[in-house]
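Reading through the structure tokens given below for one structure.
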Amino acid sequence: ENVTPPAAGKWMMWNCVETDPFEKGKAYFVGTKYKEDDFAPYIFKTMDYGKTWAKITSGIAANHFARCIRADKKRPGLLYCGTEYRMYISYDDGANWKPFQLNLPMVPITDLTIKNNDLIVATQGRAFWVLDDLSVIQQKDNAVLDKDLFVYAVNDAYRFDGFENVNAKNAGFNPANGTVIKYFLKNIADSPKVSIDILDKNKKLIRSFSTTAKEKEDKIDVSKGMNRFVWNMNYAPAEKIEGLILWHGTVPGPKASPGKYFYKIKAEKDSTEGSFTIKENPVYKLSPQDYEDQFNFLITIRDKFSETQKAIKNITAIRKQINDFVDLQGKNIPKEIKQQADTINKQMTSIEEALHQTKAKSGQDVLNYPIRLDDKISGLYDFAASGNSAPAKQVKEAYEDLSMQADMQLNKLKKIMEDDLPKFNQAIKEKSLPVIGIKKED
């Protein structure tokens, strides 16, 4: 419909002029006449530098006078409109509008802008609102609804620290801290089997998340329709032992370096793959090598800490088996077998006490009993991970010393497991001692 827009004269106020980012000569004009008690929306579009005009207000309530309009920067024909009472959206260049209120209060929308693919909304009386990441809206297509699994293009994400409180009350919440993967599931089973693998630049697995994962941090929940997964960019944490008292706590996984990564999503029989990029934090002036050096150093510390925890787990398991076996034999256990058992236990206790402060039974006990190697290695990780920089000379030297001390104990345990335990088991076989039975009464 070609129309002549009201003259800019008497009482028509032109609030907003938006040029189209894709076509030359195309623009949108928004005017108001509410000061003449005319609350109708006035939005006009020209395709030819103003020679002809079309009024584009179909779908906007008759008394919702418009204040602003913005054209999407990535999808032609996608428009956002702010009126006196609510937001509207159009996917067909203004031919039809639909309410786009979401969680906005009913408030005048005085201006709009798009920055970093986020829609910023200025309101009259209710502050600024931001709709993070317009990519799902930009990729909206009815054909998606016919697909069992569809993954939206993953946006680049900056490598930064922070958190998102999705249960914030009477307040906004921060954007997701990490890479956001949004995907659509047409149908899901009662016990769905969905997995998301994150891979490095060489497509080596970094972490795997699934609906059937045993660990809480690796478990995901899915629902029919739209789903969102956030990878916090962290590699898997170190091995941990539940209930173990550590002053510095367990060691988390280091944050991935900036660069290209891959994902693979499986949903029942369907699967899809794609890539995404982690961008450098612009606040810090680090070279790619600095990021890599810090990451590699933190991974090394994490793995060494894991070794100490696995060693403690092995000691606990071996000790229990030995003690259970000795208790089962009672007073009739051969002297040489008892001596071997006691020797192995004594050696393992020495190793365990070097690796961990076994006297610590509560969080404050480490004030009385000095922390051991695992706690020191954990603390060293915290220092090396505090900030964004390549590891300093001092922290490298500290790790060399702690690693050497830890390796001495780990090698002792390795000898017990490879030499002493086989000899102990062989002695048991030669004595034909029972390994299953009931403890004999005294």
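We're numbering straight along the sequence, starting at 1. Source: prediction; values computed, not measured.
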*Going by distance alone, is a donor N or O of one side chain under 3.5 Å from an acceptor N or O of the other, for N314 and T316?*
no
*So which heavy atom on K279 is nearest to which on P258, and how close?*
C-CB, 4.2 Å
*With a 4.5 Å heavy-atom cut-off, do I69 and L79 have their side chains touching?*
yes
_T272 side chain to I265 backbone, donor-acceptor under 3.5 Å_ = no
_Give me each pair satisfying side chain to side chain donor-acceptor pair (under 3.5 Å) with a member in residues 58-73, each pair once, sequence neighbours excluded._
E18-R70, H64-Y88, R67-E84, R70-D111, D72-Y80, D72-Q138
*Under a 4.5 Å cut-off applied to non-hydrogen side-chain atoms, are T32 and F39 in contact?*
no
*Just how far is it from atom CZ of F262 to atom CG of L205, taken to the nearest 0.5 Å?*
13.5 Å
_Within a 6.0 Å radius of atom NZ on K266, are there more than 12 heavy atoms belonging to other residues, nucleotides or ligands?_
no
*Taking 4.0 angstrom as the limit, do E307 and K304 come out as a salt bridge?*
yes
*Assess the side chains of S378 and D375: does a donor N or O sit below 3.5 Å from an acceptor N or O?*
no
*side-chain contact (heavy atoms from CB on, under 4.5 Å) evaluation trace for V395 with F297*: CA-CA 10 Å; V395 78; F297 186 64; 3.8 Å; yes
*Got L119 and V130 here, is their nearest side-chain heavy-atom distance under 4.5 Å?*
no
*Between the main-chain N or O of V107 and the side-chain N or O of R126, is there a donor-acceptor pair closer than 3.5 Å?*
no
Would you give me the side-chain donor-acceptor pairs under 3.5 Å for residues 139-149, sequence neighbours excluded?
| from | atom 1 | to | atom 2 | distance (Å) |
| --- | --- | --- | --- | --- |
| Q139 | OE1 | A153 | N | 2.9 |
| Q139 | NE2 | S135 | O | 3.2 |
| D141 | OD1 | A143 | N | 2.9 |

_H356 and D374: side chain donor to acceptor below 3.5 Å_ = yes
*Any donor-acceptor pair under 3.5 Å from T308 side chain to F305 backbone*: yes
*Carefully, step by step, assess T211 and D221 under the rule side-chain contact (heavy atoms from CB on, under 4.5 Å).*
CA-CA 6 Å; T211 53; D221 296 319; over 6 Å; no
*Within a radius of less than 6.0 Å around NZ of K313, do more than 12 heavy atoms belonging to other residues, nucleotides or ligands occur?*
yes
*Which pair of heavy atoms, one from E217 and one from P237, lies closest together, and at what distance?*
OE2-CG, 4.2 Å
_So E352 and R319, do their side chains get closer than 4.5 Å, heavy atoms only?_
yes
*Between T57 and I60, is there a donor-acceptor pair closer than 3.5 Å when you use the side chain of the first and the backbone of the second?*
no
*Find the distance between CD (E353) and CD1 (I315) and round it off to the nearest 0.5 Å.*
10.0 Å
*Is it true that a side-chain atom of T250 and a backbone atom of K240 form a donor plus acceptor pair closer than 3.5 Å?*
no
*Counting only N and O atoms by type, is there a donor-acceptor contact under 3.5 Å from the side chain of W231 to the main-chain atoms of N234?*
yes
_Atom pair CE (M348) and CD1 (I416), whose distance is rounded to the nearest 0.5 Å_ = 6.5 Å
_Test of ring centre spacing under 6.0 Å for Y34 and F65_ = yes
*Within the side chain of Q101, is there an N or O that forms a donor-acceptor pair under 3.5 Å with the backbone of M87?*
yes
*N411 side chain to D407 side chain, donor-acceptor N/O pair below 3.5 angstrom*: no
*asked:* Run F295 and Y235 through ring-ring contact (aromatic ring centres under 6.0 Å, His included) and show every step you take.
replied: CA-CA 10 Å; F295 170 80; Y235 275 59; 4.7 Å; yes
_So which atom in L380 and which in A398 form the shortest heavy-atom distance, rounded to 0.1 Å?_
CD1-CB, 3.8 Å
*Got more than 12 heavy atoms from elsewhere within 6.0 Å of CE, M226?*
yes
*Kindly indicate, with the supporting measurements, whether the criterion side-chain contact (heavy atoms from CB on, under 4.5 Å) is fulfilled by I137 and L131.*
CA-CA 11 Å; I137 296 169; L131 177 60; 3.8 Å; yes
_Distance (rounded to the nearest 0.5 Å) between K201 NZ and I206 CD1_ = 11.0 Å
*Quick one: does R228's side chain get under 4.5 Å of V180's, heavy atoms only?*
yes
*Would you mind reporting whether V121 and I109 have side-chain heavy atoms less than 4.5 Å apart?*
yes
*Quick check, are the ring centers of Y42 and W14 under 6.0 angstrom apart?*
no
*Please assess K359 against D365 for the test salt bridge (charged side-chain N to carboxylate O under 4.0 Å, His left out), listing each intermediate value before the final yes or no.*
CA-CA 8 Å; K359 294 180 180 179; D365 281 352; over 6 Å; no
*Counting only N and O atoms by type, is there a donor-acceptor contact under 3.5 Å from the side chain of S275 to the main-chain atoms of Y261?*
no
*If you draw a 6.0 Å radius around NZ in K219, do more than 12 non-hydrogen atoms from other residues or ligands fall strictly inside?*
yes
*Would you say the side chain of F276 lies within less than 4.5 Å of the side chain of I198, judging by non-hydrogen atoms?*
yes
*Determine yes or no for a side-chain-to-main-chain donor-acceptor pair under 3.5 angstrom, with N227 supplying the side chain and S223 the backbone.*
yes
*Taking the side chain as every heavy atom from C-beta outward, state whether L134 and D118 have any pair of such atoms under 4.5 Å apart.*
no
*Evaluate whether atom OH of Y369 has more than 12 neighbouring non-hydrogen atoms of other residues, nucleotides or ligands under 6.0 angstrom away.*
no
*In chain order, what residues pass the salt bridge (charged side-chain N to carboxylate O under 4.0 Å, His left out) check against D20, with sequence neighbours excluded?*
K26
_Side-chain donor or acceptor of T110 paired with backbone N/O of A122 under 3.5 Å_ = yes
*asked:* E23 vs M47, test: side-chain contact (heavy atoms from CB on, under 4.5 Å). Steps then yes/no.
replied: CA-CA 8 Å; E23 298 183 44; M47 305 284 289; 3.7 Å; yes
*Search all heavy atoms of S90 against all heavy atoms of N96 and return the closest pair with its distance.*
OG-O, 2.8 Å
*Out of curiosity, Q309 CD to I241 CD1, how far, rounded to the nearest 0.5 Å?*
4.5 Å
_Does either side chain, that of T300 or that of D303, offer a donor lying less than 3.5 Å from an acceptor on the other one?_
no
*asked:* Distance alone, cut at 3.5 Å: any donor-acceptor contact between the side chains of Q289 and D293?
replied: yes
_Could you measure the distance from the OH atom of Y284 to the CZ atom of R159? Nearest 0.5 Å is fine._
10.0 Å
*Would you sort out whether F150 and Y152 count as a ring-ring contact (aromatic ring centres under 6.0 Å, His included), showing the intermediate values?*
CA-CA 7 Å; F150 178 80; Y152 291 84; 4.9 Å; yes
*Taking all non-hydrogen atoms of both residues into account, name the closest pair between A157 and M233 and its distance.*
CB-CE, 3.6 Å
*Do NZ/NE/NH1/NH2 and the carboxylate oxygens of K260 and D200 come within less than 4.0 Å?*
no
*Derivation of the ring-ring contact (aromatic ring centres under 6.0 Å, His included) call for F44 and Y28*: CA-CA 6 Å; F44 299 92; Y28 309 90; over 10 Å; no
